[in-house]
There are 2 protein chains.
Amino acid sequence: MASGQGSAEGMPPVARALDAAEARCLRAGAQLTELRRQVLALVLESEQPLGAYALLDKLKAKRPGAAPPTVYRALDFLLEQGLIHKVERLNAFIGCVEVGHAHGHDHHHAHPHQFLICRECGMTLELSDHAVAHALEEAVARAGFRMSRATVEVEGLCAACAGGAS
Amino acid sequence: MASGQGSAEGMPPVARALDAAEARCLRAGAQLTELRRQVLALVLESEQPLGAYALLDKLKAKRPGAAPPTVYRALDFLLEQGLIHKVERLNAFIGCVEVGHAHGHDHHHAHPHQFLICRECGMTLELSDHAVAHALEEAVARAGFRMSRATVEVEGLCAACAGGAS
DNA sequence: GTGCTACCGTTATATAGTAACGGACTGCCC
DNA sequence: GGGCAGTCCGTTACTATATAACGGTAGCAC
């Protein structure tokens with residue numbers, strides 16, 4: 001396997017996600033190169049969404065010559081493969097929680113998802129709420145639109161931060 | 001009235017919207033100054049969402065000294081008053097369709113809304129679908145979040161563009 | 001070999017957004 | 001009237017985000 005381990009048991013979450021990404025790219029006929037893998041690892045290691053330039057800074061530790069196009073090209077690839085998402089409100093990128101889950105069919109990319117962003121602590125949570133997705137599909141169809149991708153992002157207070165200060 | 005006309009009948013839509021905006025600001029105790037009015041007019045005159053710098057270019061016709069802060073300050077004000085929305089996916093601004101509608105109570109700002117963006121022709125449609133808003137509220141609450149603002153933007157094909165090319 | 005493609009390094013530039021300072025004006029209090 | 005605070009806006013400079021364009025290299029088909 002990609003991480004050189006025989007099984008997913010006991011592996012750190014990031015390594016497991018990288019293996020899942022590797023497998024997914026293989027199936028899709030896409031190449032998860034070393035650069036892309038490094039960028040994906042950096043995104044996954046971060047708890048919070050990471051801006052492209054923050055990513056670039058981190059990347060420079062391993063790849064001194066890295067420049068904006070280096071990260072953006074990798075990010076574009078990862079977005080296309082559905083391995084990460086972009087949080088539009090933050091101009092930042094975050095790992096997709098669905099990668100590595102078992103699926104009956106390949107959803108190529110762009111599964112329905114929603115982000116909850118805490119304006120206090122910055123924590124960002126990904127939901128995959130079916131009811132929201134369904135309601136949105138209906139509304140879009142009623143308007144005569146054909147949907148290809150949806151961005152649903154909520155800014156607010158997470159449970160912890162809402163508890164502290166009203 | 002602000003536009004110097006006695007009634008809304010027969011007025012061009014933009015002028016009517018400007019009057020509504022004026023009234024709304026009055027009620028809110030906010031000042032719709034000449035600059036802010038000009039920026040709002042430019043946003044309303046455009047069929048499609050307008051970027052801040054596109055706006056700036058247009059504004060320079062009337063206000064040669066205009067600079068980025070000129071537009072951004074006006075846009076911030078208009079956003080706060082709920083007179084325009086920002087389309088995050090496009091980094092662009094568009095007039096709010098709800099202004100001028102009759103409301104039983106003042107919703108200060110931020111009514112629930114969704115954008116449908118045609119990737120072919122760029123047309124952007126604002127919805128105010130209650131089912132979507134409701135589903136989202138429920139999902140957010142289940143996650144223990146307190147929502148303050150939501151961004152819902154769908155990229156796809158409008159009826160016209162979907163009809164032409166499958 | 002030649003030609004093609006994908007990937008990436010590199011430089012430069014475009015686009016989006018803010019910080020910070022100062023001047024003009026208004027309203028208010030005394 | 002003088003002083004004071006608040007709002008609005010002009011102006012300069014700057015930060016942050018993203019892309020264009022060119023060139024090199026490695027792999028592969030023929």
Side-chain angles (χ1 to χ4, degrees), chain A residues 21-22 25-26 28-43 46 48-81 83-94 122 151 153, chain B residues 21-22 25-26 28-43 46 48-81 83-94 122 151 153:
Chain A
E22 190 93 53
C25 286
L26 257 179
Q31 306 184 43
L32 187 61
T33 63
E34 183 56 22
L35 169 63
R36 290 164 178 174
R37 197 184 169 84
Q38 285 173 347
V39 172
L40 178 56
L42 289 173
V43 172
S46 168
Q48 303 189 355
L50 220 47
Y53 282 73
L55 249 165
L56 176 55
D57 282 345
K58 288 173 185 276
L59 186 62
K60 278 179 178 164
K62 294 205 162 196
R63 222 169 248 263
T70 313
V71 249
Y72 278 106
R73 283 193 289 232
L75 288 171
D76 284 346
F77 172 85
L78 297 170
L79 285 169
E80 268 169 27
Q81 300 303 317
L83 298 171
I84 63 173
H85 294 300
K86 178 170 185 183
V87 185
E88 299 284 346
R89 291 183 70 93
L90 305 177
N91 293 321
F93 302 85
I94 191 171
T151 299
E153 300 175 2
Chain B
E22 191 95 51
C25 288
L26 257 179
Q31 307 184 43
L32 188 61
T33 63
E34 182 57 21
L35 170 63
R36 291 164 175 174
R37 198 183 168 83
Q38 284 172 348
V39 171
L40 178 55
L42 289 174
V43 172
S46 168
Q48 304 189 356
L50 220 46
Y53 283 72
L55 248 166
L56 177 55
D57 282 345
K58 287 175 185 277
L59 185 62
K60 278 179 179 164
K62 294 206 162 192
R63 221 169 249 263
T70 314
V71 246
Y72 279 105
R73 283 193 288 233
L75 289 171
D76 284 346
F77 172 85
L78 298 170
L79 285 169
E80 268 169 28
Q81 299 304 316
L83 297 170
I84 63 174
H85 294 300
K86 178 169 185 185
V87 185
E88 299 284 345
R89 291 184 69 92
L90 304 176
N91 294 321
F93 303 86
I94 191 170
T151 300
E153 300 176 1

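We name chains A, B, ... by the order of the sequence lines, and we start the count at 1 in each one.
For the segment residues 52-59 of chain A, the set of residues with a heavy atom within less than 4.0 Å of an atom of DNA chain D comprises A/Y53, in numerical order.
At least one side-chain heavy atom of A/F77 sits under 4.5 Å from a side-chain heavy atom of A/L32. B/L55 is listed as a side-chain neighbour of B/L75, based on a closest heavy-atom distance under 4.5 Å. Residues B/R63 and B/E34 have side chains in contact (heavy-atom distance under 4.5 Å, counting atoms from C-beta outward).
Of the side-chain N and O atoms in A/K86, none sit less than 4.0 angstrom from OP1 or OP2 of D/dT17. Note on B/N91: a side-chain N or O is less than 4.0 Å away from OP1 or OP2 of C/dG17. Here A/Y72 reaches the OP1 or OP2 of D/dA18: one of its side-chain N or O atoms lies under 4.0 Å away.
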Please write out each protein N/O paired with an N/O of nucleotides 7-9 of chain D under 3.5 Å, distance rounded to 0.1 Å.
residue : atom : partner : partner atom : Å
D/dC8   : OP1  : B/R36   : NH1          : 3.1
D/dC8   : O5'  : B/R36   : NH2          : 3.4
D/dC9   : OP1  : B/T33   : OG1          : 2.5

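Taking NZ of B/K86 as the start and CG of B/N91 as the end, the distance is 5.0 Å to the nearest 0.5 Å. Interatomic distance, CZ of A/R37 versus CG of A/L78, reported as 11.5 Å (0.5 Å rounding). For the atom pair A/L26 CG and A/Q31 CD, the distance stands at 10.0 Å (nearest 0.5 Å).
When the C1' atom of D/dA18 is taken as reference, atom CG of A/L90 falls 17 Å away, rounded to whole Å. Protein atom CG of A/L79 is 11 Å distant from nucleotide atom P of D/dA18, rounded to whole Å. The nearest whole Å value for the distance from the CG atom in A/L75 to the P atom in D/dA16 is 18 Å.
Side chain of B/Q38 to backbone of B/L59: no donor-acceptor contact under 3.5 angstrom is found.
Closest of all the heavy-atom pairs between B/A92 and B/G51 is CB-N, 4.0 Å.
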